[in-house]
Amino acid sequence: MTAAKSAGRGKVLADRGTRSGFTIIEVVLVLAIAGLIFLMVFIALPVLQRSQRDTERRSAVGRVAAAIQQYQTNNNGRLPKNGSIPAQEPTGDDDRVKIEVYNSSNNPAASFIKNYMNGAMAEYNEFNDPSGWAYGLKIDDFEGDQPTLNFDEHMIYMYKGARCNGELLEKTNNSRDYALLYKLEGASVYCTNNS
């Protein structure tokens with residue numbers, strides 16, 4: 001080997017030896033970027049989960065609308081009678097609500113949930129909020145006064161003779177019109193109707 005080649009080879013080896021790890025600036029930069037990504041996920045995840053639960057609740061209100069349509073088909077176009085059943089907290093080891101709650105009285109709302117939302121032979125209420133609570137239902141006539149926006153949790157409100165105007169209700173002259181309201185987690189009210 002010539003001296004020039006040997007010196008060049010030694011220089012390459014020397015350059016490789018000086019760069020054996022990460023600098024402190026590189027490590028801090030990587031940690032800062034990882035921290036920012038973690039913070040963004042930490043902030044966004046609860047919002048995404050709440051949005052997903054609210055989507056499930058909107059779907060449940062849509063199921064009620066479909067069940068009302070089935071009820072009307074079976075009852076010459078009439079709407080269910082007025083009544084109310086509160087939301088039920090899960091009981092027991094399996095975190096489900098026994099359907100016996102809906103057999104306890106001659107309540108049109110309880111009967112509607114049992115027969116049209118669960119099926120008459122069901123042992124447990126499967127019409128549940130994403131939190132596990134069984135939905136409650138209040139069926140009432142709309143007289144023109146806006147319902148308060150302090151709705152009970154896990155309750156679906158059905159107002160007969162009404163239709164939605166955003167989050168508010170308007171009175172209609174059609175006895176077969178109805179509006180369904182549900183207060184979402186994001187503090188807004190979901191309103192849908194059949195007209």
Side-chain angles (χ1 to χ4, degrees), residues 1-67 85-99 101 113 117-118 122-138 146-159 163-170 179-193:
M1 240 193 302
T2 65
K5 281 186 178 179
S6 177
R9 190 168 186 229
K11 185 176 180 189
V12 169
L13 291 174
D15 286 344
R16 285 185 192 161
T18 59
R19 180 96 179 158
S20 63
F22 297 107
T23 65
I24 193 77
I25 293 173
E26 291 170 330
V27 171
V28 168
L29 185 62
V30 167
L31 290 174
I33 291 171
L36 283 173
I37 291 170
F38 177 76
L39 183 63
M40 288 172 25
V41 168
F42 186 73
I43 290 171
L45 190 60
V47 172
L48 290 173
Q49 289 172 331
R50 182 176 59 226
S51 174
Q52 182 181 11
R53 288 189 300 268
D54 281 347
T55 299
E56 288 180 41
R57 291 174 178 122
R58 285 185 189 97
S59 176
V61 171
R63 281 183 56 203
V64 172
I85 185 163
Q88 304 291 321
E89 186 174 11
T91 56
D93 297 331
D94 57 5
D95 288 335
R96 296 194 293 175
V97 177
K98 282 274 201 186
I99 206 73
V101 173
I113 287 178
M117 302 307 299
N118 291 299
E123 181 181 354
Y124 291 96
N125 184 355
E126 300 298 339
F127 184 52
N128 297 325
D129 183 79
S131 66
W133 280 63
Y135 284 107
L137 178 65
K138 180 177 182 181
Q146 293 298 319
T148 62
L149 295 181
N150 297 326
F151 295 119
D152 294 332
E153 282 190 299
H154 319 296
M155 287 290 290
I156 296 173
Y157 295 85
M158 175 186 176
Y159 289 99
R163 70 172 171 232
C164 299
N165 182 8
E167 292 185 359
L168 301 176
L169 297 179
E170 293 178 346
L180 297 169
L181 295 163
Y182 189 87
K183 185 173 186 243
L184 300 173
E185 256 184 88
S188 65
V189 175
Y190 178 63
C191 186
T192 186
N193 49 251

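For reference, positions follow the sequence shown, starting with 1. All figures in this text were calculated on a predicted structure; none of them were measured in a lab.
By the 4.5 Å heavy-atom criterion applied to side chains, Pro86 and Gln88 are counted as neighbours.
The nearest pair of heavy atoms linking Glu56 to Tyr135 is O-OH, 4.4 Å. Across Cys191 and Leu168, no two heavy atoms sit closer than the pair SG-O, 4.4 Å. Nearest heavy-atom pair across Arg57 and Leu184 is CB-CD2, 4.2 Å.
Residues meeting the ring-ring contact (aromatic ring centres under 6.0 Å, His included) test with Tyr190, sequence neighbours left out: none.
Here CG of Leu29 is found 12.0 Å from CD1 of Ile24. Values are rounded to the nearest 0.5 Å. Taking CG of Asn128 as the start and CH2 of Trp133 as the end, the distance is 11.5 Å to the nearest 0.5 Å. Rounding to the nearest 0.5 Å places NE2 of His154 at 8.5 Å from CD of Glu89. Atom OG1 of residue Thr192 and atom CZ of residue Arg58 lie 11.0 Å apart, to the nearest 0.5 angstrom. Summarising the geometry, atom NZ belonging to Lys138 is positioned 7.5 Å from atom CE belonging to Met155; distances are rounded to the nearest 0.5 Å.
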### Task
Would you check, one step at a time, whether the test side-chain contact (heavy atoms from CB on, under 4.5 Å) holds for Leu181 with Tyr159?
CA-CA 8 Å; Leu181 295 163; Tyr159 289 99; 3.7 Å; yes
### Task
Show your working on side-chain contact (heavy atoms from CB on, under 4.5 Å) between Tyr157 and Lys183 and close with a plain yes or no.
CA-CA 9 Å; Tyr157 295 85; Lys183 185 173 186 243; over 6 Å; no
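Between the Glu167 side chain and the Asn165 main chain, no donor and acceptor come within less than 3.5 Å of each other. The backbone N or O of Ser131 sits nowhere less than 3.5 Å from a side-chain atom of Arg53 that would complete a donor-acceptor pair.
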Only distances under 3.5 Å count here; give the side-chain donor-acceptor pairs of residues 30-52 to other protein atoms, sequence neighbours excluded, each with its distance to 0.1 Å.
none

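Shown are Val64, Asp54, Ile156; of these, the side-chain contact (heavy atoms from CB on, under 4.5 Å) with Tyr182 is made only by Ile156.
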